[in-house]
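Read the structure below first, then the notes.
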Amino acid sequence: LLPTLLGSSVLLFANSFGAYATVYALSQGSINLLPTQIGFQVSGQVGYEPGAAAALSLVMATVLLVCLALYRGHRLKNWSTLLPDGYTPEAWGKLFGDPIFWQSTGRSLIMAAAAVTLSIFFLVPTLFAITLYAPKLAGILEFFSLWPFVFPGVILAVGLIQIFSNPPLAISGTPWLLIPAVTVVVMPFAYRAVSNAFESINVRELAEAARSLGASDLHILLWVIFPSVLPGVLSGGVLALSAAFGEFSLAQLIVGSAWQTLPYYQYLTNAQDGHRSAAISVLAFGIAWGLGTLALQLGRGSRTVTAV
C-alpha cells in the first residue's frame, strides 16, 4: 500500500498547496498565501504586474511539479449562547425571494451543463480512438488527466487572463472564457468514469463485428460503443456537473461579478447575511448528495450491464 499512500499524499498536498477558493472565502483574503497573492495580482486588489503574477504562478507550478513526481446553522434565529434561542425559516424566504439568487443559480447550471457537454464531447471520441488505434497513448492521457488536480485554478486563470485579454480574442471577463476553463478543471472527474466504462467492454471485438456489417467508425462510435458506455458516461457527467456547479476560483478570477455564479453569490452574501449563506451551503450539500447518489446508481448500472 505504500506507493498508493505516497501517491495519494502527493496529490492531496499539491491540491492543498494551491487551494484558493476555501482560503479566500473563509478569510476574506486576510490570509496571505501564495494562491491568494496571485489572485490579488489578477483581480487588481494590489498593483497588477503581469510579470509578478506570472512569476508567482511559476513558483507554484514548480512546487506542484515536484509534488506530481455550514460553520453556521441555516435556520438559527440567534446563537449567542451555548444553544440557539430559536429557529426560523426566514433565511430561506430571503434566499428564494432574491432574484439575483435565481440568476446566479441559472448561470451556474448553464456553466456546469456546458462544461459537462464539452467534456463528454472530447472524452468519448478520444478514448474510442486511443482504445482502437493507439492503446499505448492511454497512459499519457491518464497522466495529463491528473494535471487539473495538481495545478489549481488560480494558475489556469492567470494564464488565460493574460492570453485572452487582448485582440483578436479579448474574451477575458466573459463566460466564453470561463466555460472552457471550467471544462479543463472538471474533465478528470468525467474521465475516470468514462475510461472505466471503456475498459469494461471489448471495443475491438465490437468494432470488428460492426465493420463486418459495413459500419464506418462514426457509426460504430455512435450506435455501438456509445450506448455500451452510456452508464459510465452519465456517471462521469454527474460527477463533473457537481464539480462544475460549485467552482469558485475560476468564476471569481475570470468573470467575478460581471457574470455572477452561485458560489460567488454565496461569497458576497456571507458578508451581509451569514444565515442566508448557510442556507445556500445546506442547499448545495443536498444537491451534491443527490448527484453523488445518482452517480453511484449509474455506476452500479454500468457494472450490471457489463455483467450481463
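Worth knowing before you read on, the calculation uses all heavy atoms, side chains too, and leaves out hydrogens, waters and symmetry mates. Just so we're clear, the structure is a prediction, and the values are computed from it rather than from any experiment. Here, residue 1 is the first one in the sequence, and each next residue gets the next number.
Side-chain atoms of Ser108 do not come within 3.5 Å of backbone N or O of Thr105 as any donor-acceptor pair. Judged by distance alone, with hydrogens and angles left aside, the side-chain atoms of Ser235 form no donor-acceptor pair with the main-chain N or O of Pro231 at under 3.5 Å. A donor-acceptor contact shorter than 3.5 Å is absent between the side chain of Trp259 and the backbone of Gly173. Ser104 places no side-chain N or O within donor-acceptor distance of the main-chain N or O of Tyr265, the cut-off being under 3.5 Å. Of the possible polar contacts, one joining the Ser212 side chain to the Ala209 backbone as a donor-acceptor pair under 3.5 Å is found. Arg204 places a side-chain N or O within donor-acceptor distance of the main-chain N or O of Leu132, the cut-off being under 3.5 Å. Checked by atom type and distance alone, the side chain of Asp98 never pairs as donor or acceptor with a backbone atom of Lys94 at under 3.5 Å.
Shown here is Phe121, whose CZ atom has no more than 12 heavy atoms of other residues, nucleotides or ligands within 6.0 Å.
Scanning all heavy atoms of the two residues, the minimum distance from Ala115 to Thr183 falls at CA-OG1, 3.3 Å. Listed here is the closest heavy atom pair of Ile220 and Ala207: CD1-O, 3.7 Å. Residues Glu247 and Ser249 share a closest heavy-atom pair of OE2-N, 3.2 Å. Counting all heavy atoms, side chain and backbone alike, Ala114 lies closest to Ile179 at CB-CG2, 3.7 Å. Shown here for Ala197 and Gly232, the closest heavy-atom pair between the two residues is CB-CA, 3.9 Å. Closest approach of Phe96 to Trp102, counting heavy atoms only: O-NE1, 2.7 Å.
No chain of hydrophobic side-chain contacts below 4.5 Å, direct or via other Ile, Leu, Val, Met, Phe, Trp or Tyr residues, connects Leu213 to Phe128. The cluster map of Ile, Leu, Val, Met, Phe, Trp and Tyr, joined by side-chain heavy atoms under 4.5 Å apart, puts Met187 and Ile140 in the same cluster. Taking hydrophobic clusters as Ile, Leu, Val, Met, Phe, Trp and Tyr residues chained together by side-chain heavy-atom distances below 4.5 Å, Leu222 does not share a cluster with Val194. In this structure, Leu127 is a member of the same hydrophobic cluster as Phe143, with clusters built from ILVMFWY side-chain heavy atoms closer than 4.5 Å. When the side chains of ILVMFWY residues are joined at heavy-atom separations under 4.5 Å, either directly or via intervening members, Ile120 and Trp223 end up in two distinct hydrophobic clusters.
Contact of the Leu262 side chain with the Phe101 side chain is registered, since non-hydrogen atoms from C-beta on lie closer than 4.5 Å. Between Leu241 and Phe189 the shortest side-chain heavy-atom distance does not fall below 4.5 Å. Counting heavy atoms from C-beta outward, Asp217 and Leu221 have side chains that stay 4.5 Å or more apart. In this structure, the side chains of Glu142 and Arg192 come closer than 4.5 Å at one or more pairs of heavy atoms. Looking only at side-chain heavy atoms (C-beta outward), Val186 and Val116 stay at 4.5 Å or farther from each other. For the pair Leu178/Leu250, a side-chain contact is recorded, criterion being any heavy-atom separation below 4.5 Å from C-beta on. Counting heavy atoms from C-beta outward, Thr269 and Leu95 have side chains that stay 4.5 Å or more apart.
Between atom CG of residue Leu118 and atom CG of residue Leu123 there is a gap of 10.5 Å, rounded to the nearest 0.5 Å. With values rounded to the nearest 0.5 angstrom, Thr131 atom OG1 is found 10.5 Å from Leu137 atom CG. Taking CD from Glu208 and CG from Asn202, the interatomic distance works out to 8.0 Å, rounded to the nearest 0.5 Å. In this structure, OG1 on Thr174 lies 10.0 Å from CZ on Phe164, to the nearest 0.5 angstrom. We find the CD-CG distance between Gln266 and Leu268 to be 10.5 Å, quoted to the nearest 0.5 Å. The OG atom of Ser119 sits 11.5 Å away from the CG atom of Leu239 when rounded to the nearest 0.5 Å.
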Determine, stepwise, if the pair Leu141 / Tyr191 fulfils side chain to side chain contact (heavy atoms under 4.5 Å, CB included). CA-CA 10 Å; Leu141 182 63; Tyr191 168 79; 3.8 Å; yes

